[in-house]
Amino acid sequence: MAAKKTKEIKENLKQVLPSGARDASFFEQVFDVVRLIPKGRVSSYGAIAFFLGTKMSARMVGWAMNAAHGMKDVPAHRVVNRNGMLSGKMHFATPTRMEELLKKEKIKVENDQVIDFEKKFWDPAKELS
DNA sequence: ACAATGACGACTC
DNA sequence: GGAGTCGCCATTG
């Protein structure tokens, strides 16, 4: 059921984007930012939300990530919560997929948590200015 | 149209 | 310092 929903989201997003990016504008920005996250680095929902102007609405970033699953170019695995925890790993194809991907990028993950999160943290507002 | 939910965050107890 | 509560914004029921 959830998969079907994701598909619907993706299709809906695809339709909305080229038509008149107003509802998906937020999503588009999120995708762009996440896509710009360097390899071996991670970011947080709050940081992205802040960069987009809605710093208080990290939830929406998470929701955008859900839709981002349809976009393979969007490394959602590099986006974790402000605590550095892989809060969204359960939403991947497999719960271990996120951790595997992160480890693949030299990011240490232990107990669903990114090690040295502060060092790996990539702040869009800071890097992209 | 109203109420509830959510890959979060910050504040309060 | 750990746990609980409220707030935010958009989507879904």
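Order of the sequence lines sets the chain letters (A, B, ...), proteins ahead of strands, with each chain counted from 1.
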Scan nucleotides 1-6 of chain C against the protein and return all N/O pairs shorter than 3.5 Å with their distances rounded to 0.1 Å.
none

(request) Could you tell me the separation between the CZ atom of A/Phe117 and the C1' atom of B/dG9, rounded to a whole number of Å? (result) 12 Å
(message) Could you work out, with side chain to side chain donor-acceptor pair (under 3.5 Å) as the rule, every residue matching A/Asn83, not counting sequence neighbours?
(response) none
Is there any protein nitrogen or oxygen under 3.5 Å from a nitrogen or oxygen in nucleotides 10-13 of chain B, and what are the pairs?
| unit_1 | atom_1 | unit_2 | atom_2 | d |
| --- | --- | --- | --- | --- |
| B/dA10 | OP2 | A/Arg82 | NE | 3.3 |

(request) Only counting residues at least two apart or in another chain, list the ones meeting side chain to side chain donor-acceptor pair (under 3.5 Å) with A/Ser87. (result) none
(message) Show me the pairs that pass salt bridge (Lys or Arg N to Asp or Glu O under 4.0 Å) and involve residues 85-94 of chain A, at least two apart or across chains.
(response) A/Lys89-A/Asp112
(message) Per the side-chain hydrogen bond (donor to acceptor under 3.5 Å, both in side chains) rule, what does the pair list look like for residues 34-49 of chain A, sequence neighbours excluded?
(response) none
(request) To the nearest Å, give me how far apart CZ (A/Phe27) and P (C/dA10) are. (result) 9 Å
(request) Using a heavy-atom cut-off of under 4.0 Å over every strand shown, decide if A/Ala49 touches base, sugar-phosphate, or nothing. (result) nothing
(message) With a 4.5 Å cut-off on side-chain heavy atoms, are A/Lys104 and A/Glu100 touching?
(response) no
(message) Could you tell me how far apart A/Asn83 (CG) and B/dG9 (P) are, to the nearest whole angstrom?
(response) 8 Å
(message) Taking salt bridge (charged side-chain N to carboxylate O under 4.0 Å, His left out) as the definition, give me every residue that meets it alongside A/Lys108, ordered by chain and number, with sequence neighbours left out.
(response) none
(message) Applying salt bridge (charged side-chain N to carboxylate O under 4.0 Å, His left out), can you list everything that pairs with A/Asp32, at least two apart in sequence or on another chain?
(response) none
(message) Can you measure A/Leu52 atom CG to B/dG9 atom C1' for me and round it to whole angstrom units?
(response) 15 Å
(message) The criterion is side chain to side chain donor-acceptor pair (under 3.5 Å); which residues satisfy it with A/Lys120, sequence neighbours excluded?
(response) none
(message) How many whole angstroms separate atom CD of A/Gln113 from atom P of B/dA7?
(response) 18 Å
(request) Can you figure out which of C/dC9, B/dG9, C/dT11 approaches the side chain of A/Trp63 most closely? (result) C/dT11
(request) Tell me, please, which residues at least two apart from A/Glu105 pass side chain to side chain donor-acceptor pair (under 3.5 Å). (result) A/His77, A/Arg78
(message) I'd like to check A/Val109 versus A/Met98 (side-chain heavy atoms, cut-off strictly below 4.5 Å). Are they in contact?
(response) no
(request) Compare every heavy atom of A/Ala125 with every heavy atom of A/Phe50, then report the nearest pair and how far apart it is. (result) CD2-CB, 4.2 Å
(message) Can you identify which nucleotide, out of C/dC9, C/dT11, B/dA7, has its nearest atom closest to the A/Ala76 side chain?
(response) B/dA7
(request) Classify the side chain of A/His69 versus the base of B/dA7 as yes if they form a donor-acceptor pair under 3.5 Å and no if they do not. (result) yes
(message) What is the separation between atom CZ on A/Phe50 and atom P on C/dC9, rounded to the nearest whole Å?
(response) 14 Å
(request) Return the value, rounded to whole Å, for the distance between atom CG of A/Asp112 and atom C1' of B/dA7. (result) 13 Å
(request) Sorted by first residue and then second, give each ring-ring contact (aromatic ring centres under 6.0 Å, His included) pair with at least one member in residues 79-129 of chain A; sequence neighbours left out. (result) A/His69-A/Phe92, A/Phe117-A/Phe121
(request) Name every residue in residues 87-109 of chain A that has at least one heavy atom under 4.0 Å from any atom of DNA chain B, in order of residue number, or write none if there are no such residues. (result) A/Ser87, A/Gly88, A/His91, A/Phe92
(request) May I have the distance from A/Met60 (atom CE) to C/dC8 (atom P), rounded to whole angstrom? (result) 13 Å
